[in-house]
Amino acid sequence: HVYCNKTDSLLRMRHRLSSLPLQVTLYFDGWYLALLYLAELAIIIYKAIVLPYPARNLGAEIVLLFFLALIDAVRIFLGAKGNLTERRLALLLSLLFILPVFFGYLYLTLWQTYVLRVDLILLIIAFVGLALELLFGIIALWTFQRNDSLR
């Protein structure tokens, strides 16, 4: 016969609030973004070799790409940790990092020195991932907040 008090049974009954759709989206987006940044770097090198690329623009676009990759990596990390630990602050910061990433993608889509069709395809997929993360992240935040207010 096993002793089980009320607190133990309440702890076992606690539901996980973390969002599986958000976690899956963050996981696949993390892998996709790694490939995206490698592909974008290769495309920029290709454009620099084949097209008359101003040296000043080339350096600025490579630096932008590295900063964007860094911000994206932090955003994915905060989103995953915030979701799994059910911490609203980390998840909120992840959602706030979507804004600079969105504008970085927008720059790469519209205002790069040269925009190839492959750039557009890769970035449209990245925009879709960003939109899904925003949607699932807002739902997860709402769920965490609602649960805290019920306690």
Minimum heavy-atom distance Ser18-Asn83, with the two atoms named: CB-O, 2.9 Å

Joint cluster assignment, Leu58 & Leu51, ILVMFWY side-chain distance < 4.5 Å: yes

Same cluster (ILVMFWY, side-chain, under 4.5 Å), Trp142 and Phe136: no

Distance-minimising heavy-atom pair for Leu36 and Ala126: CD2-CB, 4.1 Å

Donor-acceptor pair, side chain of Asn147 and main chain of Phe144, under 3.5 angstrom: no

Atom CZ of Arg88 with >12 non-hydrogen neighbours under 6.0 angstrom: yes

Reported CG-to-CD1 distance for the pair Leu22 and Ile139, which is rounded to 0.5 angstrom: 9.5 Å

Residues which pass side chain to side chain donor-acceptor pair (under 3.5 Å) with Tyr32, listed by chain and number, not counting sequence neighbours: none

Least distance between heavy atoms, Ala39 atom then Leu122 atom: CB-CD1, 3.9 Å

Test log, rule side-chain contact (heavy atoms from CB on, under 4.5 Å), inputs Ile138 and Leu134: CA-CA 6 Å; Ile138 290 171; Leu134 181 62; 3.9 Å; yes

Residue pair Leu17, Arg146: steps toward the side-chain contact (heavy atoms from CB on, under 4.5 Å) verdict: CA-CA 10 Å; Leu17 300 175; Arg146 188 184 66 182; over 6 Å; no

Path from Ile76 to Tyr27 over hydrophobic side-chain contacts below 4.5 Å: no

Anything under 3.5 Å between a donor and an acceptor, one on a side chain of residues 94-101, the other on a protein residue two or more places apart or in another chain? List them.
residue: Ser94; atom: OG; partner: Arg75; partner atom: O; Å: 2.9
residue: Ser94; atom: OG; partner: Gly79; partner atom: N; Å: 3.4

Spacing of CG belonging to Leu20 relative to OG1 belonging to Thr25, to within rounding of 0.5 Å: 9.0 Å

Partners meeting side chain to side chain contact (heavy atoms under 4.5 Å, CB included) with Val128 (sequence neighbours left out): Leu132

Shortest non-hydrogen contact from Gly137 toward Leu91: O-CD2, 3.8 Å

Gln23 side chain vs Ser19 backbone, donor-acceptor pair below 3.5 Å: no

Pairing residues for Phe127 by the side chain to side chain contact (heavy atoms under 4.5 Å, CB included) criterion, not counting sequence neighbours: Phe102, Tyr105, Leu106, Thr109

Value rounded to 0.5 Å, distance of CG in Leu64 from CD in Glu40: 10.0 Å

Considering all heavy atoms, the nearest Asp119-Lys47 contact: OD2-NZ, 2.9 Å

Common cluster, Leu68/Val63, ILVMFWY with side-chain heavy-atom separation under 4.5 Å: no

Qualifying ring pair (Phe, Tyr, Trp, His ring centres under 6.0 Å) pairs with a residue from residues 34-63, counting only residues at least two apart or across chains: Tyr53-Tyr114

Intermediate values then yes/no, side-chain contact (heavy atoms from CB on, under 4.5 Å), Leu108 and Leu65: CA-CA 9 Å; Leu108 292 174; Leu65 194 64; 4.1 Å; yes

Contacts of type side chain to side chain donor-acceptor pair (under 3.5 Å), residue Thr113, not counting sequence neighbours: Asn57, Glu61

Shortest non-hydrogen separation from Leu26 to Ala80 and the atoms involved: CD1-N, 3.4 Å

Parallel, tilted or perpendicular: rings of Tyr107 and Trp111 (30°, 60°): tilted

Test item: Leu70 and Phe66 side chains (from C-beta on) under 4.5 Å apart, heavy atoms: no

Hphob cluster co-occupancy, Ile125 + Leu110, side-chain heavy atoms under 4.5 angstrom: yes

side-chain contact (heavy atoms from CB on, under 4.5 Å) between Ile44 and Ile62, intermediate numbers included: CA-CA 8 Å; Ile44 287 175; Ile62 290 174; 3.9 Å; yes

